[in-house]
Amino acid sequence: MQTLSENACFGGSQGVYRHASAACDCDMTFGLFLPAEAADGPVPVLWYLSGLTCTHENAMVKAGAQGWAAEQGIALVFPDTSPRGEGVADDPEYDLGQGAGFYVNATQKPWAPHFRMWDYVAEELPGILAADFAIDPDRQAITGHSMGGHGALTLAMNLPGRYRSVSAFAPICNPTRTDWGRKQLAAYLGEDESGWARHDASLLMHDRGFDGPILIDTGTADQFIGNLAPEALAGAIAARRQQATMRLQKGYDHSYFFVSTFMEDHVAFHAEALWA
């Protein structure tokens, strides 16, 4: 584990760390905010998964989450969105390759050797956090933005009992039925669509739901709302009678101005579940 930086932040510490990843077969970087309470013992953790083109740094510096997390005494972890570095496959398009891991385990060339973001976020990084930092593995929650919202929802529904709550900002809700999703799923997982369903939040909601509270915010002026398809997830939530709050925020777009505006709500929402 290499410490890249550690800065005092709202009475706690905002760190950035790099480590050799077995899952992704390359070095990976993540951010971790620890509140002051972590000095006295393990604290609950909220995962934040970022969207297309982002690194660990975007939400860490733009979302304004640390102050709200410090008030609640919870940690924040900011993973990267994909493997990176020499020898890692990439694509000239922004929505595939480095910066666009889509939180799946790729099975197709040239992505399969490194693009195993599901294993990295679901298994490898949680183990590192529990072993090396004051993180309570029994009190976890997850959120994310856009592609990261897709990842948060699909991880939460595929790993029952792992997360006490899940939320999302403008998530990609129905990728098997929209252009922004079919491209990545086909590239990473192949043309056989039978393997895509476990990475589609709307289909997962129909199939299994989530044993806990859900909060989702999407802006009515989101320039990508056609590819987000919040109506598909809303229909699945209603059909299942899932405990959830879905909000369409008038006038907000897809940017971090939107995310930071509602971050306090999301942190408080997760804190209630984490400290219950």
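In this chain, numbering begins with 1 at the start of the sequence shown.
The distance from atom OG of S146 to atom CG of D95, rounded to the nearest 0.5 Å, is 10.5 Å. The CG atom of N158 sits 4.5 Å away from the CZ atom of R198 when rounded to the nearest 0.5 Å. With rounding to the nearest 0.5 Å, the separation of CG in D200 from CG in L204 is 7.0 Å. Note: L153 CG to I216 CD1 = 5.0 Å, rounded to the nearest 0.5 Å. Put simply, CD on Q98 and CG on D90 are 4.0 Å apart, with the number rounded to the nearest 0.5 Å. Here E93 contributes atom CD and L52 contributes atom CG; the two are 11.5 Å apart, rounded to the nearest 0.5 Å.
Checked against the 6.0 Å centroid threshold, Y188 and F115 count as a close aromatic pair. When ring centroids are compared, F224 and H254 come within the 6.0 Å threshold.
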Side chain to side chain contact (heavy atoms under 4.5 Å, CB included) evaluation trace for Q140 with W47: CA-CA 8 Å; Q140 299 187 62; W47 292 76; 2.8 Å; yes
Take D80 and R84, measure what salt bridge (charged side-chain N to carboxylate O under 4.0 Å, His left out) needs, and give me the verdict at the end. CA-CA 9 Å; D80 203 347; R84 300 178 191 272; 2.7 Å; yes
Run the ring pair (Phe, Tyr, Trp, His ring centres under 6.0 Å) check on Y252 and F262 step by step: do they pass? CA-CA 11 Å; Y252 284 90; F262 299 102; 5.0 Å; yes
Take Q14 and E6 through the side-chain hydrogen bond (donor to acceptor under 3.5 Å, both in side chains) test and state the conclusion after the steps. CA-CA 6 Å; Q14 175 63 63; E6 286 182 339; over 6 Å; no
Dump the intermediate steps for side-chain hydrogen bond (donor to acceptor under 3.5 Å, both in side chains) on H56 and T29, then the final yes or no. CA-CA 7 Å; H56 70 280; T29 301; 5.3 Å; no
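Between the side chains of H145 and N58, not a single donor N or O lies within less than 3.5 Å of an accepting N or O. Checked by atom type, the side-chain pair S165/H270 shows a donor-acceptor distance below 3.5 Å. For the residue pair T154 and H199, no side-chain donor N or O sits within less than 3.5 Å of a side-chain acceptor on the partner.
Under the ring pair (Phe, Tyr, Trp, His ring centres under 6.0 Å) criterion, H206 pairs with no residue at all, not counting sequence neighbours. Partners of E57 under the side-chain contact (heavy atoms from CB on, under 4.5 Å) rule, at least two apart in sequence or in another chain, are T55, M60, V61.
No donor-acceptor pair under 3.5 Å is formed between the side chain of R18 and the backbone N or O of M28. Under a 3.5 Å cut-off, the side chain of T81 and the backbone N or O of S50 do not form any donor-acceptor pair.
A single hydrophobic cluster is not seen to contain both L4 and M1; linkage of ILVMFWY side chains at heavy-atom distances under 4.5 Å, directly or through other members, places them apart. One hydrophobic cluster, built from ILVMFWY side chains closer than 4.5 Å, cannot hold both F78 and M147; they sit in different ones. Clustering ILVMFWY residues whenever any of their side-chain heavy atoms sit less than 4.5 angstrom apart, transitively, puts W111 in the very cluster that holds F102.
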For residues 131-138, which side-chain N or O atoms pair as donor and acceptor with protein atoms under 3.5 Å away, sequence neighbours left out?
unit_1, atom_1, unit_2, atom_2, d
D136, OD1, D138, N, 2.9
D136, OD2, R139, NE, 2.7
D136, OD2, R139, NH2, 3.2

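Residue pairs meeting the side-chain hydrogen bond (donor to acceptor under 3.5 Å, both in side chains) criterion with at least one partner in residues 116-128, sequence neighbours excluded, are H19-Y120, S21-E124, N105-D119, R116-D119.
By the 4.5 Å side-chain criterion applied to Ile, Leu, Val, Met, Phe, Trp and Tyr, L248 is assigned to no cluster and stands alone. Under a 4.5 Å side-chain heavy-atom criterion applied to ILVMFWY residues, the cluster that includes F269 comprises L215 as well.
Classification of the Y94-W180 ring pair by plane angle, with boundaries at 30° and 60°, yields tilted.
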